[in-house]
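A short write-up of the structure that comes next.
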Amino acid sequence: MRDITYIGTRNKNYRLKASEAILKGICPDGGLFIPEEMPHMEKSIDELSKLNYRDLAYEVMSLFFTDFTEEELRSCINNAYDEKFDTKEIAPVVEKDGVYFLELFHGKTIAFKDMALSILPYLMKTSAKKNNIKKEIVILTATSGDTGKAALEGFADVEGTRIIVFYPDGGVSPVQKQQMVTQKGKNVCVAAITGNFDDAQSAVKSIFTDSEMIKELNSKGFMFSSANSINIGRLIPQVAYYWYAYCQLVKKGKIQAGDKINFTVPTGNFGNILAGYFAKKMGLPVNKFICASNSNKVLYDFFQTGIYDKNRDFILTVSPSMDILISSNLERLICMLTSQEETEKLMKSLADNGKYSISAKAEDIVGEYADEEETFTAIRTMYANADYVIDTHTAVAFAAYNKYLKESDDDTTTVIVSTASPYKFAKDVCTAINEKYRNMDAFKLMDELEKISGVKIPAPVKDIEKREILHSNLCEREKIKDFVREQLK
């Protein structure tokens, strides 16, 4: 097995081992880390199909995290994917009305971010030990709703760490907000930030590239890292569930080993779909990735035209985790399609002008989108046809998949990546099914959703509205650095 080195997307002279890249989170110039070369999966699909999720995750991650010993990596994996998940499959594939859904919401925060953020604290602690890091690691994270709670849950009371999460004020669902502001843990801090997710993300990234602030806090015994998918330690664990989904279809006799399939992925920051793209580059038999956007369709326009343009109105939708106009992980794809030199120019153009264009194309990624009406129709349709309730983000992917089917002659077996439990968005899901719910309280509607879906209210959100509010911070986006300094006194 070859050692994998991680290099910067804007400067290939940034060269780190996996554990170093996990700790660093982001390059000093604002670029992201990518593998210098993509590892290839040597084991056959038939071999992999015999493995449970933990063992398959090891086979995938061991090819990327090559400076971890087997004992270290298996310990991280076994601690992450345990009884925290409410199903032994961890990430089951279910068939509903002739469509396959990869359910990634069976963890402690009932969203797909658990798949990576359950393991990241263990990867980070192991990385710190391997690199003799004595400083306290400060996790700074911007969230569009789901990353925040999953990161808080993962890092709460983890020795040697602190975590500060920023979410857009008014830009997350009531349940998402309640999950974050009631988070316990002596090392956690949550703050709403004025503006939208892009503002929060840009503000956090500005700290990672502020050499003076980094130096100042280093002298006080702190180092920064991130739990966003800009961190390679967040991205790589997500590669595993694409392999696992494929293997489940083989195991169930739905496809033959070697058959190509499609994945439809609801997409905002581009990390989830990029993990699938990495899986394909490793050798997973994938035909197309359908990149599903909501009304903030900056990615749809990019894959249609080659022009990325964030200069547009920011739309608050019923799928808030996708309300993003600056998709950070797209930078990794751009670098893989072009070069570090070209990526640096394009990212400068994005920062200066809010747009860039490229001629290189990822032929295996196509863009689709669904507006709010189409999203609601998708929820209603799946419920009417299969008695299966999907959340607003999965509904964007389902609607986009149906549009793709009409516009192409591609009848390839397709898996829709289901990223959250409908309970996180109970009000909009119930309203989609019946307008009578539109003006009802989001938390009371969980009881209605239990009757509608036949699925019990998940323990992580049951009676969440009764929990004590522990975080009521509001931070102006221009003052985020002062806020962080204050928290680290």
Side-chain angles (χ1 to χ4, degrees), residues 26 30 32 111-113 116 140-151 165-173 176-177 180 192-206 226-231 234-235 238 265-277 289-304 307-334 347 350-351 354-356 365 367-372 375 391-397 400 417 419-420 424-425 477:
I26 190 172
L32 308 181
F112 82 101
K113 305 297 174 73
L140 297 180
T141 295
T143 182
S144 54
D146 288 333
T147 289
K149 173 59 180 176
V165 168
F166 297 94
Y167 69 91
D169 189 29
V172 299
S173 80
Q176 287 175 314
K177 178 180 177 180
M180 288 186 281
I193 192 169
T194 56
N196 56 43
F197 169 73
D198 291 330
D199 297 321
Q201 181 170 248
S202 297
V204 168
K205 286 184 78 174
S206 73
S226 175
N228 285 86
S229 54
I230 57 175
N231 191 320
R234 241 292 299 279
L235 183 66
Q238 295 177 248
V265 190
T267 310
N269 215 20
F270 206 73
N272 196 357
I273 194 167
L274 184 69
Y277 186 78
F289 291 98
I290 301 152
C291 178
S293 298
N294 64 14
S295 295
N296 292 291
K297 56 188 184 71
V298 64
L299 287 168
Y300 168 77
D301 292 338
F302 171 73
F303 285 111
Q304 290 291 113
I307 299 170
Y308 193 96
D309 187 354
K310 76 175 185 73
N311 300 313
R312 61 183 73 201
D313 290 337
F314 184 95
I315 303 169
L316 290 173
T317 75
V318 295
S319 45
S321 297
M322 299 165 67
D323 290 347
I324 295 171
L325 293 181
I326 304 175
S327 301
S328 287
N329 272 287
L330 189 62
E331 178 172 339
R332 286 185 165 115
L333 177 68
I334 298 298
M347 294 306 112
L350 181 65
K355 63 189 296 187
Y356 61 82
I365 303 177
E368 274 297 352
Y369 80 98
D371 61 24
E372 199 147 301
T375 301
D391 89 290
T392 47
H393 302 75
T394 306
V396 169
V417 178
T419 53
K424 294 200 88 161
F425 310 95
R477 57 189 169 190

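What's counted below: heavy atoms across the whole structure, side chains too, no hydrogens, waters or symmetry copies.
Applying the 6.0 Å contact sphere to NZ of K205 captures more than 12 heavy atoms from other residues, nucleotides or ligands. Atom OH of Y369 has 12 or fewer neighbouring heavy atoms from other residues, nucleotides or ligands inside a 6.0 Å radius. Counting non-hydrogen atoms of neighbouring residues, nucleotides and ligands closer than 6.0 angstrom, the CG atom of N311 exceeds 12 such neighbours.
In terms of heavy atoms, S327 sits closest to G268 at OG-O, 2.6 Å. Closest approach of Q238 and A116 over heavy atoms only: CG-CB, 3.9 Å. F303 approaches G367 most closely through the heavy-atom pair CB-N, 3.9 Å. Heavy-atom minimum distance, P266 versus T419: CG-CG2, 3.6 Å. The shortest heavy-atom contact between T392 and V318 is OG1-O, 2.8 Å. Here the shortest heavy-atom pairing between P320 and G171 reads CB-O, 3.6 Å.
To the nearest 0.5 angstrom, E331 atom CD is 4.5 Å from L32 atom CG. Once rounded to the nearest 0.5 Å, the distance linking OG of S144 with CE of M322 reads 10.0 Å. Within the model, atoms CD1 of I290 and CD of E368 stand 8.0 Å from one another, a figure rounded to the nearest 0.5 Å.
Looking only at side-chain heavy atoms (C-beta outward), R312 and K297 come within less than 4.5 Å of each other. F302 places a side-chain heavy atom less than 4.5 Å from the side chain of I334. Residues V172 and P168 meet the side-chain proximity criterion, which asks for heavy atoms closer than 4.5 Å. A 4.5 Å side-chain heavy-atom check between S321 and Q176 finds at least one atom pair inside the cut-off. Taking 4.5 Å as the limit, every side-chain heavy atom of N228 sits out of range of all side-chain heavy atoms of S328. Counting heavy atoms from C-beta on, the side chains of T267 and N272 never come closer than 4.5 Å. No side-chain heavy atom of F166 sits under 4.5 Å from any side-chain heavy atom of R477. Looking only at side-chain heavy atoms (C-beta outward), L330 and L299 come within less than 4.5 Å of each other.
Side-chain N or O atoms of S319 include none that pairs as donor or acceptor with a backbone N or O of T317 at under 3.5 Å. Side-chain atoms of S229 do not come within 3.5 Å of backbone N or O of G271 as any donor-acceptor pair. The closest donor-acceptor contact from the side chain of Y308 to the backbone of L350 lies at 3.5 Å or more, if one exists at all. Checked by atom type and distance alone, the side chain of N296 pairs as donor or acceptor with a backbone atom of I315 at under 3.5 Å. Judged by distance alone, with hydrogens and angles left aside, the side-chain atoms of D198 form a donor-acceptor pair with the main-chain N or O of I326 at under 3.5 Å.
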Requested in this report: Kindly indicate, with the supporting measurements, whether the criterion side-chain contact (heavy atoms from CB on, under 4.5 Å) is fulfilled by N196 and D323.
Outcome: CA-CA 8 Å; N196 56 43; D323 290 347; over 6 Å; no

Requested in this report: List the steps, then state whether side-chain contact (heavy atoms from CB on, under 4.5 Å) holds for D301 with V298.
Outcome: CA-CA 5 Å; D301 292 338; V298 64; 5.8 Å; no

Report task. Let me see the working for L333 and Y277 under side-chain contact (heavy atoms from CB on, under 4.5 Å), right down to the final yes or no. Result -> CA-CA 9 Å; L333 177 68; Y277 186 78; 3.6 Å; yes

**Report entry** I365 and F270: CA distance, side-chain angles, deciding distance, side-chain contact (heavy atoms from CB on, under 4.5 Å) verdict
**Finding:** CA-CA 12 Å; I365 303 177; F270 206 73; 4.1 Å; yes

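A salt bridge links K424 with D146; the closest basic N to acidic carboxylate O contact falls under 4.0 Å.
S226 and N231 share no side-chain donor-acceptor pair at under 3.5 Å.
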